[in-house]
Amino acid sequence: MFYKQYFEEKDMYARRNSQLPPEVNKILFVKHLPYDINSEEMYDLFGKFGAIRQIRIGNKKSTKGTAYVVYEDIYDAKNALEHLEGFKVKTRYIIVLYYQKAIMQKKFDAVNKRKAIEKLKAEHGVSGSSDAGG
């Protein structure tokens, strides 16, 4: 009994003091989910790896099949990613990635810039592509 407790504590200490890559965080971005998956199924699947703070499932046309899973502990998120990447859910193989704020911000900024350009084109009566012919 003493040895088991000793090794569990040693393992926990080593786990907490190990260096993690910079992209590892508590938030996972999940793609290629079945469109009909519900929050209960998501909690059943991802909850096996630790306490979950929040799950957000995409419900718009552009976000269907995606979700964000936020864990309480970074090591639980790491464990879930390692075990669920490529896992088959219903008829689809899911992709699990760490949420990367910088990449998501760039995509968001690009969409906003496109919208601003389209608005300016509409205001000034410009149509077609911005490429110069020639």
Side-chain angles (χ1 to χ4, degrees):
M1 187 65 155
F2 170 76
Y3 293 109
K4 182 180 178 186
Q5 182 182 0
Y6 170 77
F7 286 112
E8 285 175 357
E9 288 175 4
K10 184 178 177 184
D11 182 49
M12 186 176 74
Y13 178 78
R15 178 177 151 183
R16 297 292 177 202
N17 289 318
S18 64
Q19 288 285 359
L20 293 174
E23 72 273 6
V24 177
N25 64 63
K26 295 179 185 182
I27 306 171
L28 300 178
F29 177 59
V30 187
K31 302 190 311 185
H32 294 244
L33 286 165
Y35 288 171
D36 62 344
I37 196 162
N38 61 43
S39 59
E40 185 178 321
E41 292 169 321
M42 289 290 291
Y43 275 98
D44 287 345
L45 180 62
F46 285 87
K48 295 174 184 174
F49 301 98
I52 295 174
R53 181 176 294 172
Q54 182 181 38
I55 293 180
R56 302 288 304 252
I57 300 173
N59 56 4
K60 295 180 185 175
K61 184 178 180 180
S62 61
T63 60
K64 278 240 184 247
T66 65
Y68 291 94
V69 180
V70 183
Y71 280 91
E72 293 288 339
D73 184 77
I74 195 168
Y75 290 96
D76 294 338
K78 182 178 183 290
N79 193 23
L81 181 135
E82 289 171 353
H83 286 88
L84 293 176
E85 172 60 28
F87 188 79
K88 188 173 184 179
V89 178
K90 296 184 180 180
T91 60
R92 305 188 78 176
Y93 292 94
I94 63 172
I95 296 172
V96 184
L97 306 164
Y98 292 112
Y99 170 74
Q100 295 179 351
K101 185 177 180 178
I103 291 172
M104 298 307 277
Q105 188 63 43
K106 283 181 185 178
K107 288 181 182 179
F108 182 73
D109 290 345
V111 168
N112 285 340
K113 284 180 184 178
R114 250 184 265 125
K115 286 179 182 177
I117 290 170
E118 292 303 318
K119 183 180 175 185
L120 286 171
K121 282 182 178 181
E123 285 176 5
H124 298 284
V126 177
S127 63
S129 126
S130 60
D131 294 337

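Keep in mind that the numbers below use all heavy atoms, side chains included, and drop hydrogens, waters and symmetry copies.
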*asked:* What I'd like to find out is whether the side chain of Tyr75 reaches to under 4.5 Å of the side chain of Asp73, using heavy atoms alone.
replied: yes
*Grab the two heavy atoms, one from Leu28 and one from Tyr98, that are nearest each other, plus how far apart they are.*
CD2-CD2, 3.7 Å
*Do the non-hydrogen side-chain atoms of Tyr43 and Glu41 ever get within less than 4.5 Å of each other?*
no
*Going by heavy atoms in the side chains, are Ile55 and Ser39 under 4.5 Å from each other?*
no
_With side-chain contact (heavy atoms from CB on, under 4.5 Å) as the criterion, how do Leu33 and Met42 come out once you've worked through the C-alpha distance, each side chain's angles and the decisive distance to 0.1 Å?_
CA-CA 10 Å; Leu33 286 165; Met42 289 290 291; 4.0 Å; yes
*Nearest heavy-atom pair of Ile57 and Ile37: which atoms, and what distance?*
CD1-O, 4.3 Å
*Between atom CD1 of Ile52 and atom CD of Glu72, what is the distance when rounded to the nearest 0.5 Å?*
9.5 Å
_For Glu40, is the CD atom crowded, meaning more than 12 foreign heavy atoms sit under 6.0 Å from it?_
no
*If you round to the nearest 0.5 Å, how far is CG of Leu81 from CZ of Phe46?*
9.0 Å
*Would you call Glu82 and Lys78 a salt bridge, taking side-chain N to carboxylate O under 4.0 Å as the test?*
yes
*Which one of Thr66, Ile95, Val96 satisfies the side-chain contact (heavy atoms from CB on, under 4.5 Å) criterion with His32?*
Ile95
*Looking only at heavy atoms, which two atoms of Lys90 and Lys88 are closest? And how far apart?*
O-CE, 3.5 Å
*asked:* Between Lys26 and Asp76, does any NZ, NE, NH1 or NH2 come within less than 4.0 Å of an OD or OE carboxylate oxygen?
replied: no
_To check you understand the geometry: which heavy-atom pair defines the closest contact between Ala80 and Tyr71, and what is its length?_
CB-OH, 3.2 Å
_When you compare the side chain of Leu84 with that of Phe49, does any pair of heavy atoms fall below 4.5 Å?_
yes
*Does Arg92 make a cation-pi contact with Tyr35 (under 6.0 Å, within 45 degrees of the axis)?*
yes
*Hey, does Ile74 have a side-chain heavy atom less than 4.5 Å from the side chain of Val24?*
yes
*Can you see which heavy atom on Ala77 is nearest to which on Asn25, and at what distance?*
CB-O, 3.4 Å
*asked:* Measuring only between side-chain heavy atoms, which start at C-beta, is Val69 closer than 4.5 Å to Val30?
replied: yes
*Decide if the gap between the ring center of Tyr99 and the ring center of Tyr68 is smaller than 6.0 angstrom.*
yes
*Interatomic spacing from CD1 in Ile27 to CG in Leu97 - rounded to 0.5 Å*: 13.0 Å
